[in-house]
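A, B, ... follow the sequence lines: proteins, then strands. Residue 1 opens every chain. Because only heavy atoms are used, hydrogens play no part in the values below, and waters and symmetry mates are left out as well, while side chains stay in.
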Number of protein chains: 2
Amino acid sequence: MNASRTARERVRVELTREITEIARRQLATEGAAGLSLRAVAREMGMVSSAIYRYFPSRDDLLTALIVDGYNAIGEAVERADAACARDDHNGRWLAVCRAVRGWALAHPHEYALLYGSPVPGYQAPQDTVGPAIRDTVVYGKIISDARDAGVLNPPDICPPPPPSFTADADRLRAVMMPEVSDDVVSRAIIAWTGVFGIVNFELFGQFNNVVENRADLFDHNVTVLGRLIGLPG
Amino acid sequence: MNASRTARERVRVELTREITEIARRQLATEGAAGLSLRAVAREMGMVSSAIYRYFPSRDDLLTALIVDGYNAIGEAVERADAACARDDHNGRWLAVCRAVRGWALAHPHEYALLYGSPVPGYQAPQDTVGPAIRDTVVYGKIISDARDAGVLNPPDICPPPPPSFTADADRLRAVMMPEVSDDVVSRAIIAWTGVFGIVNFELFGQFNNVVENRADLFDHNVTVLGRLIGLPG
DNA sequence: AACGAACGAGAGCACTGCTCTTGACACGGT
DNA sequence: ACCGTGTCAAGAGCAGTGCTCTCGTTCGTT
């Protein structure tokens, strides 16, 4: 009963996996807008309507790809972080940033799906928030580790964040970087959004004809952002 | 002869303008993917094929919208900058950043078209580079003005950029911020990409359920980035 | 063995961008 | 004043899309 039921289920999960796999390959080559249910079905030797047995709509297939993407970049970031000595906070920061950029360059269309313009008419369901913050959690851990080790030394170059920020900072402290001051949380946001800002500019074409030596500049800029948070050199 | 020819021409430019106008409105409500030539034609009481007399393809219409968008945000930035006292470099910086964010929030789909994921299969023609850097030119002027006034004082918190950056810095110096050091150019890139990184996170949903007090935090973060460049407080 | 749920195939709807042909109109030179 | 020429909108049509519905079949449970 369970065995047979699993047999049926097994075919189902296998086909579901194959659909997402083909879809991901299409996504990688054609981009999100070029993702076609019919093309996926064609490649599977199925008829288009059969896909709807597995994904009720194109958006649901997209959601699956998005979740996969978040997990993929999250895993890449986790691996990069894990390869560093725990107390080498600066090295971990650089490794994590490089992992983000590296994954983005290797999977530009998937990255665009995650961090680019939202697909019109598509609303990310709640299931995506978990995988969506895997990378950010790693990032927060580096900062709170540095703080715990007493090596976090943010340079005194700017006023403190506004009091209204405390509520937001509380939320972030609860999830990923406990005991860190409002000031450092705000710097962390600047640095993290800054990293993605650079990657976006590079990937979405704003650096074209402007910045060519991108890897070197990325490393340097990310180092500066690390210093801004207070990571030791 | 000229008058009549101009009459013809006048109808043509008028219709072209009307097409882009309707298209922009559709873009604003539906997003780039929802922009449909047929829908535009329908709204104009024309048949779809007639549109092709004015725009040879959907991509060309998109290009027109992109150029318009770059000009719009560029103009918004220019106006914000012009409203400040010339020697209030910090105020100009804040005003320019707010203008970017304000325009992005007011025209999310157009902003996504400019700074979000590139439209698949669409390659920006060379005509777009001029309008594309209007905002950045203003931004560079603020920094070089501050430098000329001798008030630029970047905090010494990080190593200098790598020597390989000089070639890229030369390019930027030539276009928008002459006589500025490699170090400051690199900081300028960090700040400028950082601003768009924050706006992207806010607009593309990464701040959802995380950061709520966005205007305040934006002002503060942008101020910090200004300090990083060396703008006086 | 029998019933019901799950499934693939196929036709069909409304839509898209785009092409091609056709007929109407206005313009400019004779 | 007329007639070629170029411009234009209209319409049909092609290939493709997401999605729905129906129809047999097949599989799993009772």
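- Atom pair B:R42:CZ and C:dA14:P shows a separation of 13 Å (rounding to whole Å applied).
- With hydrogens and angles disregarded, no donor-acceptor distance shorter than 3.5 Å links the side chain of A:R38 to the backbone of A:S48.
- In this structure, A:E30 places its CD atom 11 Å from P of D:dT17, rounding to the nearest Å.
- Protein atom CG of B:L62 is 10 Å distant from nucleotide atom P of C:dC18, rounded to whole Å.
- For A:S57, taking side-chain heavy atoms from C-beta onward, the closest of the listed nucleotides C:dG10, C:dG17, D:dC19 is D:dC19.
- Counting atom types as modelled, A:S48 pairs no side-chain N or O with a base atom of D:dG18 as donor and acceptor under 3.5 Å.
- One atom, CD1 of A:I51, and another, P of C:dG8, lie 9 Å apart when rounded to the nearest Å.
- To the nearest 0.5 Å, the span separating OG1 on A:T193 from CD1 on A:I198 amounts to 10.0 Å.
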Might you list the N or O atoms of the protein lying below 3.5 Å from N or O atoms in nucleotides 5-7 of chain C, with each pair's distance?
from	atom 1	to	atom 2	distance (Å)
C:dA6	O4'	A:R8	NH2	3.4
C:dC7	OP1	A:R12	NH1	3.1
C:dC7	OP2	A:R12	NH1	2.7

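- Applying the 3.5 Å distance criterion, the base of D:dA9 shares no donor-acceptor pair with the side chain of B:S49.
- Using modelled atom types, one finds no donor on one side chain facing an acceptor on the other under 3.5 Å when comparing A:Y139 with A:D81.
- Separating the CZ atom of B:F55 from the P atom of D:dC8 is a distance of 13 Å, rounded to the nearest angstrom.
- Side-chain contact of A:Y54 with A:D60: a donor-acceptor pair under 3.5 Å is absent, judged by distance alone.
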Could you tabulate the donor-acceptor pairs under 3.5 Å formed by side-chain atoms of residues 171-178 of chain B, not counting sequence neighbours?
from	atom 1	to	atom 2	distance (Å)
B:R171	NH1	A:V210	O	2.7
B:R171	NH1	B:D168	OD1	3.0
B:R173	NH1	B:V180	O	2.7
B:R173	NH1	B:D182	OD1	2.9
B:R173	NH2	B:D170	OD1	2.8
B:R173	NH2	B:D182	OD1	2.8

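- A:L37 places its CG atom 13 Å from the C1' atom of D:dT20, with the value rounded to the nearest Å.
- Electrostatic pairing of A:R10 and A:E14 does not count as a salt bridge here, judged by no charged N lying under 4.0 Å from a carboxylate O.
- In terms of polar N and O atoms assigned as donor or acceptor, the side chain of A:R38 never comes within less than 3.5 Å of the base of D:dG16 in a complementary pairing.
- Closest to the side chain of A:Y52, out of D:dG18, C:dT19, D:dA9, is D:dG18.
- For the pair A:E9 CD and D:dG28 C1', the computed distance is 11 Å after rounding to whole Å.
- A:L35 comes within 4.0 angstrom of the backbone, heavy atoms only, and of no base.
- Look at CG on A:D59: it is 11 Å from P on D:dG18, rounded to the nearest Å.
- Between the side chain of B:E75 and the backbone N or O of B:R134 there is no donor-acceptor pair closer than 3.5 Å.
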